[in-house]
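Ligands are counted one by one from 1 in listed order, and the atoms in each one are counted from 1 as well.
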Amino acid sequence: MTDKSTQPRVLIFDTTLRDGEQSPGATMTHEEKLEIATSLDEMGVDIIEAGFPIASEGDFAAVSEIARLAKTAQICGLARANFKDIDRCWEAVKHAKHPRIHTFIGTSPLHRAIPNLTMDQMADRIHETVTHARNLCDNVQWSPMDATRTEHDYLCRTVEIAIKAGATTINIPDTVGYTAPRESADLIRMLLERVPGADKVIFATHCHNDLGMATANSLAAVEAGARQVECTINGLGERAGNTALEEVVMALKVRNDIMPYQTRIDTTKIMAISRRVATVSGFAVQFNKAIVGKNAFAHESGIHQDGMLKNRETFEVMRPEDVGLSGTSLPLGKHSGRAALRAKLKDLGFDMADNQLNDTFVRFKALADRKKEVFDDDLIALVHDSATNAAHDTLQVKRLRVICGTEGRQEAELTLSIEGVDHSIDATGDGPVDAAFHAVKMLYPHKARLQLYQVQAVTEGTDAQATVSVRLEENGNIATGQSADTDTIVASVRAYVNALNRLILRHERSEMGYDTKGVSYKDQS
Ligand code: KIV
Ligand code: ZN
């Protein structure tokens, strides 16, 4: 047995709430961000990048509150290479026990051309901004955006300037997911060898997944000497996403024989947070996704099932329990009591206060009345559904009746509560979903366009719950809503209304002069 206590530590930097939330449609509410940050802190993430404070009042408020709440993790905010961004970032993170400022500028030829800075001008800018950040905070991370497409000599020069100006972590982003494992390792090795002072700082790797190599590139960088991996839950992020936290952590754990590095992550919390992020971001996890996909521990073929029964290691390189899945999955039914529900929910990673449990119990009983067996996935959908369709929402579905079949136009009778007052209408459409969505539009006129409508069965059987995701777009704002119910049409309308509620929230924030998600990287002045 190797002595793990002497193995180098790899810091896990989670950017689900910043880079992850930048994915179109992945907007999270303030409360959801606090909840995710608390879970990240509890699972042992070393650094949480909580947002981009200058981007909006909403981001600022979330970063500030997460900074106040965090117990162990360092709390980091992002800032472009200008004093205003950096000051705002500091204002937000300074409440943390361990604050960090992360400032960046695009150093590749393509990115230098945007602010139209010469190499020398950019070098000066890096010196000034990192010095400014370091005067505010003794924990400063600097990133040369698009590092993997930056000339090596210039990359070494800028990294040296940042270190001399006081950066304590140098992050090397593969912003467009362009590198490959060997190149990723060579780049870190080159920087460690060539840059004076490189041995005094931590090098980080930040990989995007455009070519599907993000996790492999991150691990290669670790083998070459990077000691911080930047990642997101479920690999959430712009375009094809980021390195997935669960993949890096489990790869380091399972292949510790060839990658002898330690992380602080409690892997048994992975599944619960993965499911929660999928729900609040509206980005469902693909079934065959490594570690957290529904099929990651499923065995279908006869040979595999036979092998598993004889020895589970024949077809599994890790145990479901290692990532927080309970080994057994005994369903609950309508005779199951509160204690059984509480125990099952705890097993699934939901530690509920009494009032939350009461609420969930009522909904569980209603579901059990309609469905013979309530499986783990049903309960997860139910818990997430109550959390995403909250009592204080502007719009609430009160009553829905749909007439459908082979004859005539389909019809929906809907009662919607709008700011506490009930309104009812009958509408028709091409199919029951179309009719029901028309009814919503007639009761609450809006210009949002439907971008995505997706239905997934939670479990097998004709009485299965359906999880419906709806994505709406209005004036460039995108919001995703989700809901689950044994009645697909009910779930559809509630998901639609949930997305509308999120758009309303965004609209209210921008009316108040904030929430301009998506500041331009170009605005470096
Ligand atoms: O991908 C990237 O380059 C980034 C930077 C802001 C670090 O996310
Ligand atoms: Zn990124």
Side-chain angles (χ1 to χ4, degrees), residues 11-24 26 47-55 59 63 74 76-82 85-86 88-89 93 100-112 114-115 122 125-126 129-130 133 140-150 155 158-159 162 167-179 184 187-188 191 201-215 217-218 221 226 228-245 248 281 283 517-524:
L11 301 174
I12 298 296
F13 176 109
D14 182 277
T15 182
T16 305
L17 299 175
R18 198 279 298 169
D19 213 332
E21 213 232 359
Q22 263 169 239
S23 342
I47 306 114
I48 298 173
E49 186 162 54
F52 196 170
I54 195 96
D59 254 45
V63 178
Q74 298 176 35
C76 174
L78 185 68
R80 291 165 300 181
N82 67 65
D85 270 42
I86 292 169
R88 190 78 175 140
C89 178
V93 296
R100 175 181 291 197
I101 296 175
H102 176 194
T103 180
F104 75 100
I105 195 161
T107 49
S108 67
L110 281 164
H111 285 269
R112 288 198 303 268
I114 296 175
M122 184 167 282
R125 174 69 65 85
I126 294 164
T129 50
V130 175
V140 173
Q141 170 164 329
W142 180 73
S143 297
M145 186 165 72
D146 206 14
T148 51
R149 293 191 299 172
T150 300
L155 187 63
T158 54
V159 168
T168 43
T169 300
I170 300 292
N171 174 38
I172 302 301
D174 182 29
T175 305
V176 289
Y178 179 69
T179 200
S184 170
L187 196 60
I188 297 291
L191 290 163
V201 299
I202 294 218
F203 274 83
T205 173
H206 175 114
C207 297
H208 282 265
N209 203 30
D210 298 64
L211 293 172
M213 292 191 279
T215 299
N217 290 337
S218 299
Q228 176 178 303
V229 175
E230 307 213 350
C231 45
T232 59
I233 302 293
N234 300 341
L236 194 66
E238 302 248 29
R239 308 182 308 279
N242 291 64
T243 297
L245 179 146
V248 170
S281 67
F283 279 67
K517 186 177 170 188
V519 293
S520 160
Y521 285 150
K522 188 178 159 192
D523 175 21
Q524 301 284 9

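Residue contacts with ligand 1, taken as heavy atom pairs separated by less than 4.0 Å, do not involve E238 at all. Residue contacts with ligand 1, taken as heavy atom pairs separated by less than 4.0 Å, do not involve H111 at all.
Residues T107 and I105 are in side-chain contact: their nearest non-hydrogen atoms beyond the backbone lie under 4.5 Å apart. In this structure the side chain of E21 reaches within 4.5 angstrom of the side chain of D59, judged on heavy atoms. Side-chain contact check for I12 versus C231: some heavy-atom pair is nearer than 4.5 Å. Inter-residue side-chain proximity for L187 and I172 is flagged as met; some heavy-atom pair is nearer than 4.5 Å. The shortest distance between side-chain heavy atoms of T158 and W142 falls below 4.5 Å. Using a 4.5 Å heavy-atom threshold, the side chains of T215 and T243 count as touching. With contacts defined as side-chain heavy-atom distances shorter than 4.5 Å, the pair Q74/F13 does not qualify.
For ligand 1, the polar-atom distance check against H208 finds a nitrogen or oxygen pair separated by under 3.5 Å. The shortest N or O to N or O distance between T175 and ligand 1 is under 3.5 Å. Not a single N or O atom of H102, backbone or side chain, sits closer than 3.5 Å to an N or O atom of ligand 1.
Look at E230 and you'll find every heavy atom at least 4.0 Å from all atoms of ligand 1.
The angle subtended at the Zn ion (ligand 2) by NE2 of H206 and NE2 of H208 is 100°, given to the nearest 10°.
Interface of P173 with ligand 1, defined as ligand atoms under 4.0 Å from a residue heavy atom, comprises 2 (C), 3 (O). Residue H206 has at least one heavy-atom neighbour below 4.0 Å for each of these atoms of ligand 1: 1 (O), 2 (C), 4 (C), 8 (O). Using a 4.0 Å cut-off to heavy atoms of D19, the atoms of ligand 1 that qualify are 8 (O).
Among heteroatoms of the N, O or S kind in D19, OD2 lies nearest the Zn ion (ligand 2).
The CG atom of L211 sits 8.5 Å away from atom CG of D174, with the distance rounded to the nearest 0.5 Å.
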